[in-house]
Structure formats: C-alpha cells, structure tokens
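What follows is one structure encoded as structure tokens, with my remarks underneath.
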Number of protein chains: 2
Amino acid sequence: MENIQNLLSHHQIKPSYTRMVIFRYLRDNHTHPTVDEIYQALAEELPTLSKTTVYNTLKLFIDHHLVREINLKEQKRYDVVTTPHAHFKCDRCDELYDVEIAPPSLDEKSSELFVVRDVQLLYHGVCRKCQKTT
Amino acid sequence: MENIQNLLSHHQIKPSYTRMVIFRYLRDNHTHPTVDEIYQALAEELPTLSKTTVYNTLKLFIDHHLVREINLKEQKRYDVVTTPHAHFKCDRCDELYDVEIAPPSLDEKSSELFVVRDVQLLYHGVCRKCQKTT
DNA sequence: TATAGAATTGTAATGATTACAAATTTATAA
DNA sequence: TTATAAATTTGTAATCATTACAATTCTATA
Ligand SMILES: [Mn+2]
Ligand SMILES: [Mn+2]
Ligand SMILES: [Zn+2]
Ligand SMILES: [Zn+2]
C-alpha cells in the first residue's frame, strides 16, 4: 500500500484511500476486469463505494497513463499493464488473455498522415479451455 | 445492380431490393459508415426503410462474410472491404481511415492456445486534416 | 386466389456509460 | 480551533446504440 501511495503521488494523483484500493485491485488482478467487476470486488471493503467513483477513478488513472482502457464491444476492460501488447478475447467464455505481440508501427506513408496516440490489437476466437468443451 | 444481385445470390442471400440498395451503398461509399449514416442516406430512396432492417441486413451480410463490422467504442462501423487491413480513427473528426497494414499473425506459442476467427488492428490519434486546424 | 414463409417494420427493453448536482471529506486560512 | 474553500465521493437521472420481439407486409408457390 506504501508503494501504491508513492506511485500515485509520483503521477500527480492524490492518493486517497479509495484510489489506492482500486489501484491495488488492478495491480493484483491482471484479469482485465470490467467496471462492474471492480465495483463488486471492492464493495465489501468499501461499503459506501459508488460505481461512479470507479468510473471517475479509472478515468483519472487513464489520463495519467497508469491504466489502459480496452474497448470491447460489450463493455470496457481495464489493464494496469501499459506496455505494448495485444489481447485475445474468447467469444465463448469472454475471457481476455494477454498476447505478447507488439502492434506494428505505421508504415512510412501512413506515418506522414497520422499522429498515433494509441494502438489496439485484438484477436477474437476460441480459447484452449473452450475448444475442449466442444 | 445486376452485379450486386449476382453477388448476393452467390452468397446464398436472397437479393431483395432493400438488401441490394444497402449493399450498393456500402460498395459505393467506403467511408466505414454507421448504421445511422446508412439509414439516413437511404431514407429518401427507401421511404419505408426501418433502422431495424439496416441492422438485420448488416448482420446477414456479416454472417455471410460480405461485410465486416468494426467495433469502435462509440458505435459500430461497417466495411465492405473484407481483406485484412487496419484502421486509423481520428479522435478529433471521428473519421475512420484505411491503413494498409496486415495485422500480425499469432506467435507460435499463442497459436497453440487460441483459434483465431477475427483480428482487429486499430490506431487512434489525429489525422492530417485535424493537425492543421490545431 | 389462398396459404405459408420470408422480409420488413415499429415499438419497447436493455444496459453500459455519462451528466450532474448533492453530500461528504480534506485542506487551508483566519 | 473554527470557518471556508476545494477536492472527492456519491446517487440518481439521462443518454444512446443496440437488441428483442411481435405485428405487418411482401413474395413465392400450389
Ligand atoms: Mn493486457
Ligand atoms: Mn476499412
Ligand atoms: Zn474461452
Ligand atoms: Zn481528423
């Protein structure tokens, strides 16, 4: 918790208790959780927690580049790992796996046209577990 | 229109007039339109057109691999070009540009785990036009 | 012309996200 | 300490693209 306090401060985020707890959850659960999953998981520890606060806090983390947002078509997921990597979404079980492939840079021609701020490389299909269960 | 009729038939889709008009719009407008844009554009030619029909028809095209769906966080876009390519979304003007980069295949290790059905490579940032206007 | 099936339509429901104002907590100054 | 301002958190309502679904219209065939 000490670490988290320093990390948030370092990124110009006032380390409120709520913020630290939310960040700790993301640090300790690399499951690419949804807002609702975060909210449900912390509701016991923070009985007055509001879902709006989860939204607000995640937006704050994202603005300060501590967390990345993954826009799936169903809902948003959150990832505390901000280094470039891809994801695999299983359409059967909805799990979102990390894939250690760096998204390719723009080709020369496109680089002249576009200033890239973010890249998302997302694979869809069926995961190992779900292949076995037909 | 003759061509479209054949194309749809060839893909086991009964070429109703509505379907042909919707397909023609996609063929002639490679702008990655939204459902609403398609609906608005065709409302004059097809005065009784329903937005549900646009949704239904696009789903049909997608199921038959004639069209691809691009899931942006705001709303879905549709692309009649089904060959592998990437997209650049300008966060200023919301335009979605084609980028001729093929999404990378899974690495060997991941290939053992996942069966891929679809890949999406999406860049975000600011386009040329919007860079000029500050 | 009658009937079945397919296609289209209109309306209501869904659900994640956002907007926003009220309430609470925390920091700052008198 | 006490008062005041600012920041944080909360609860509720609004938004809006998408889906569900039943009713209607159209089409093909006997
Ligand atoms: Mn990840
Ligand atoms: Mn395209
Ligand atoms: Zn799975
Ligand atoms: Zn632009």
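Naming convention: chains lettered A, B, ... in sequence-line order (proteins, then strands); numbering from 1 in each chain.
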Phosphate OP1/OP2 of C:dG10 contacted by B:Thr52 side-chain N/O (<4.0 Å): no
Using a 4.0 Å heavy-atom cut-off across all strands, classify A:Ser16 as base, sugar-phosphate, or nothing. sugar-phosphate
Could you go step by step and tell me if B:His30 and B:Asp98 meet the side chain to side chain donor-acceptor pair (under 3.5 Å) rule? CA-CA 9 Å; B:His30 288 198; B:Asp98 280 323; 5.6 Å; no
Can you tell me how far C1' of D:dA17 sits from NZ of B:Lys59, to the nearest Å? 17 Å
Using a 4.0 Å heavy-atom cut-off, does A:Thr34 contact any base of the nucleic acid, only the sugar-phosphate backbone, or nothing at all? nothing
For B:His10, look at atom NE2 and say whether over 12 heavy atoms of other residues, nucleotides or ligands are found less than 6.0 Å away. no
Between C1' of C:dA7 and CE of B:Met20, the distance in whole Å: 14 Å
With a cut-off of less than 4.0 Å, is there a side-chain N or O of A:Lys51 near OP1 or OP2 of C:dG15? no
Would you kindly give the CD-to-C1' distance between B:Glu37 and D:dA17, to the nearest whole Å? 13 Å
From the options D:dT10, D:dA17, C:dT17, select the nucleotide whose nearest atom is closest to the side chain of A:Thr53. D:dT10
From the list B:Phe23, B:Tyr78, B:Tyr25, B:Tyr55, ring-ring contact (aromatic ring centres under 6.0 Å, His included) partner of B:Phe61 resolves to B:Phe23
Does D:dT9 have its OP1 or OP2 closer than 4.0 Å to a side-chain nitrogen or oxygen of A:Ser50? no
What nucleotide, of C:dT18, C:dT9, D:dT18, holds the atom closest to the side chain of B:Gln75? D:dT18
Integer-rounded Å distance: C:dA16 P and A:Arg77 CZ: 12 Å
Please report the distance, rounded to the nearest Å, between NZ in A:Lys76 and C1' in D:dA17. 14 Å
Please state how far atom CG in B:Leu49 lies from atom P in D:dT25, giving the value in whole angstrom units. 16 Å
Calculate the interatomic distance between A:Ile38 atom CD1 and C:dT17 atom C1'; express it in whole Å. 14 Å
In terms of the angle between their ring planes, are B:His32 and B:His87 parallel, tilted or perpendicular, with boundaries placed at 30° and 60°? perpendicular
Does OP1 or OP2 of D:dT10 have a side-chain N or O of A:Thr48 closer than 4.0 Å? yes
Options D:dT9, C:dT8, C:dT17, nucleotide nearest the side-chain atoms of A:Asn56: D:dT9
Distance from B:Asp63 atom CG to B:Ile13 atom CD1, nearest 0.5 Å? 8.5 Å
Among the nucleotides C:dA7, C:dT9, D:dT9, whichever has the atom closest to the side chain of B:Lys14 is C:dA7
Rounded interatomic separation in angstrom, taking OH from B:Tyr55 and C1' from C:dA13: 14 Å
Listed nucleotide nearest any side-chain atom of B:Val35, set D:dT18, D:dT9, C:dT8: D:dT18
